[in-house]
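Have a look at the structure below, then the notes.
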Amino acid sequence: MGYGEVITRSYDRQIDRARVEDLERRCEVGPAERVFLFTDTLGDPICRIRNSPMYKMLVAELDRELVGVIQGSIKQVTVQKPHEDLAKVGYVLGLRVAPLHRRKGIGSSLVCKLEEWFTSNDVDYAYMATEKDNEASVKLFVNKLGYVNFRTPAILVHPVNNRMFHTPSNVQIRKLRIEEAENLYYKFMASTEFFPYDIGNILRNKLSLGTWVAYPRGEIVGEFGSNGQIFPKSWAMVSVWNSGELFKLRLGKAPLSCLLYTKSSKLIDKFLPCFKLPAIPDFYHPFGFYFMYGMHREGPLSGKMVRTLCQFVHNMASTKSKDCKVIVTEVGGSDALRLHIPHWKLLSCPEDLWCIKALKNEKKKTLRELTKIPPTIALFVDPREGKPVVQLWYRAIVAFSRWMPVDPTNLSASNGWMQLWHGTTVAP
């Protein structure tokens, strides 16, 4: 049976919304025979890019059937390479092709069409993020489309539960005004790789819940960082983005052992806290998440300040959000900051993969130089792109069902098993 020509065009909400949502359901992330991840975009398929300075969604049709989609956004960021500070980058995300129409060149055609839009808007580089072991994605972008491996940041995840963290009495936590936060980011992170030129727009977005700093109590007198002069010897800063207002996640086809353990662990945690068994959040109903971004620290005690801020964000999610089940952040793979961020190993991804491609001939030489330079320690991950969670769950959901004990009351091997869940921290 022959097929007609694939038509690629811009997304039209009026006629495409329901069809795109149906395609997303058919492309649920995860192996079909096991637990899978479902993403509910709350009636807005372009929610993941809507807050970007420039964005576009393309759809592919074959014989009047919608068979593929892709999304892209454009922004200016700091790129660490000789003789250049800012670069215009295009982010490729949300590539989906209907299962029955794969290996027909639809995915590569969509990427090429999106790159044409990037080029028409004077973009210097296109980049994308994927799981390091996603062979299909790596083959398409690296082997076929000319992208090169760029960075391998770490995605760290911590579940939200009812157990509140205690804030040390010798640590002061203060919420910054937007103007204060903007000034601090430009002062301390403007040279950080992929720092967004429009950081002020991010901080002023309604999804940004605020920016907080932590520092030793009594170490400074007056306003934190006022006139650019008053800074304690050790301090840390973080901003929080409420991604749960954009889309919800849900696990489906979970084995019975997963469901039983989730319920049992909550009961054990509530009535037998002495076991210190990790309580698994209910991932089987729609849930949201907080994304911590712009994390920065200074000074010898800054590790403690980072942990305190992370615990503060957990407490905020537990008390102020009804459906926030996890807290996520993404940091540079070589950044020692990751050692101070509480996370569960099983739900985290130690090596995400960013790939990049020069879209201008004059940028190809600088791209080769850029990829040869050892990765900088710090990396700024834009919360508007929402890339970390969906990627990390592909790996996590498989591990979640694979490692879940059949008998949740059998704690004989708890020491070894608990290490699968908990990340480690080091002394400040």
Side-chain angles (χ1 to χ4, degrees), residues 47-55 73-78 85-86 89 91 167 171-215 217 219-232 234-246 288-299 302 305-306 308-317 319-321 324 327-331 337 341 378-388:
C47 63
R48 291 176 62 192
I49 56 175
R50 184 176 293 282
N51 293 287
S52 298
M54 295 180 65
Y55 59 87
S73 62
I74 298 174
K75 62 182 179 181
Q76 276 194 314
V77 301
T78 299
D85 294 323
L86 291 178
V89 297
Y91 176 50
T167 301
V171 176
Q172 176 75 44
I173 296 178
R174 175 175 171 260
K175 185 175 183 179
L176 299 176
R177 297 190 299 272
I178 292 177
E179 295 76 13
E180 292 177 309
E182 187 174 6
N183 289 335
L184 283 180
Y185 277 123
Y186 276 117
K187 181 178 179 64
F188 291 99
M189 297 195 74
S191 61
T192 301
E193 206 161 49
F194 272 67
F195 177 80
Y197 184 72
D198 64 333
I199 183 65
N201 291 336
I202 299 176
L203 297 172
R204 290 175 175 83
N205 192 291
K206 65 179 180 180
L207 297 175
S208 190
L209 302 181
T211 302
W212 288 265
V213 290
Y215 51 91
R217 187 181 296 275
E219 196 167 290
I220 64 172
V221 178
E223 292 293 319
F224 181 93
S226 61
N227 299 320
Q229 301 296 324
I230 304 177
F231 289 99
S234 297
W235 60 279
M237 170 175 64
V238 70
S239 297
V240 182
W241 184 270
N242 186 8
S243 297
E245 291 295 316
L246 290 178
F289 63 96
Y290 282 177
F291 183 70
M292 297 189 298
Y293 69 98
M295 192 172 291
H296 180 75
R297 66 189 182 112
E298 296 278 343
S302 59
M305 303 302 120
V306 169
T308 301
L309 283 175
C310 292
Q311 293 167 353
F312 171 82
V313 174
H314 171 277
N315 293 348
M316 181 173 66
T319 57
K320 295 187 178 181
S321 175
C324 179
I327 296 170
V328 184
T329 192
E330 188 168 13
V331 298
L337 181 67
I341 299 173
L379 180 69
F380 196 103
V381 179
D382 194 326
R384 296 172 297 190
E385 294 170 351
K387 58 175 169 271

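Note that CE of Met292 and SG of Cys310 are 3.5 Å apart. Values are rounded to the nearest 0.5 Å. In this structure, CG in Asp382 is found 9.5 Å from CG in Asn51, a value given to the nearest 0.5 Å. Note that OG of Ser52 is 11.0 Å distant from CG of Asn201, once rounded to the nearest 0.5 Å. To the nearest 0.5 Å, atoms OG (Ser302) and CG (Leu337) are separated by 8.5 Å. Rounding to the nearest 0.5 Å places OG of Ser73 at 7.5 Å from OH of Tyr91. The CD1 atom of Ile327 lies 11.5 Å from the CD1 atom of Ile341; values are rounded to the nearest 0.5 Å.
Side-chain rings of Phe195 and Phe188 stay apart, their centers remaining 6.0 Å or farther from each other. Ring centroid separation for the pair Trp212 and Phe312 comes in under the 6.0 Å cut-off.
Using a 4.5 Å cut-off on side-chain heavy atoms (C-beta onward), Val381 and Val331 make no contact. Between Lys75 and Tyr197 the shortest side-chain heavy-atom distance does not fall below 4.5 Å. In this structure, the side chains of Gln76 and Asp198 stay at 4.5 Å or more apart for every pair of heavy atoms. Using a 4.5 Å heavy-atom threshold, the side chains of Leu246 and Arg48 count as separate. Within the 4.5 Å cutoff, the side chain of Thr192 has no heavy atoms near those of the Thr78 side chain. At least one side-chain heavy atom of Val213 sits less than 4.5 Å from a side-chain heavy atom of Leu176.
A donor-acceptor pair under 3.5 Å is absent between the side-chain atoms of Glu245 and the main chain of Asn242, judged by distance alone. For Tyr290 (side chain) and Cys324 (main-chain N/O), no donor-acceptor pair under 3.5 Å exists by modelled atom type. In terms of modelled atom types and a separation under 3.5 Å, the side chain of Ser208 and the main chain of Asn205 share no donor-acceptor contact. Distance alone, capped at 3.5 Å, is enough to place a donor-acceptor pair between the Thr319 side chain and the Asn315 backbone.
Judged purely by distance below 3.5 Å, without hydrogens or angles, the side chains of Tyr185 and Ser239 pair a donor atom with an acceptor atom.
Closest non-hydrogen pair, Phe291 versus Pro383, comes out as CD2-CB, 3.7 Å. When all heavy atoms are compared, the tightest approach of Arg384 to Pro53 is NH1-CD, 3.7 Å. Considering all non-hydrogen atoms of both residues, Met189 and Met295 come closest at CE-O, 4.0 Å. Scanning all heavy atoms of the two residues, the minimum distance from Leu379 to Glu193 falls at CD1-O, 3.7 Å. Ile202 and Trp241 make their closest contact through O-CZ3, 3.7 Å (heavy atoms, listed as atom of the first residue, atom of the second, distance). Of all heavy-atom pairs spanning Ala236 and Met305, the tightest one is CB-CB, 3.6 Å.
Surrounding CZ of Arg204 are more than 12 heavy atoms belonging to other residues, nucleotides or ligands, all under 6.0 Å away.
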Note to self: If you apply the rule side chain to side chain contact (heavy atoms under 4.5 Å, CB included), what do you find for Phe380 with Ile199, and how did you get there?
What the structure shows: CA-CA 11 Å; Phe380 196 103; Ile199 183 65; 3.7 Å; yes

Note to self: Pair Gln311, Thr167 - check side chain to side chain contact (heavy atoms under 4.5 Å, CB included), show working.
What the structure shows: CA-CA 8 Å; Gln311 293 167 353; Thr167 301; over 6 Å; no

Check: Would Thr308 and Ile173 count as a side chain to side chain contact (heavy atoms under 4.5 Å, CB included) if you check the C-alpha gap in whole Å, the side-chain angles of each, and the deciding distance to 0.1 Å?
Finding: CA-CA 9 Å; Thr308 301; Ile173 296 178; 3.8 Å; yes

Notebook entry, point to check: Would Tyr186 and Leu184 satisfy side chain to side chain contact (heavy atoms under 4.5 Å, CB included), going step by step from the backbone distance to the final call?
Noted result: CA-CA 5 Å; Tyr186 276 117; Leu184 283 180; over 6 Å; no

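Salt bridge present: Arg174 and Glu180 bring a charged side-chain N and a carboxylate O closer than 4.0 Å.
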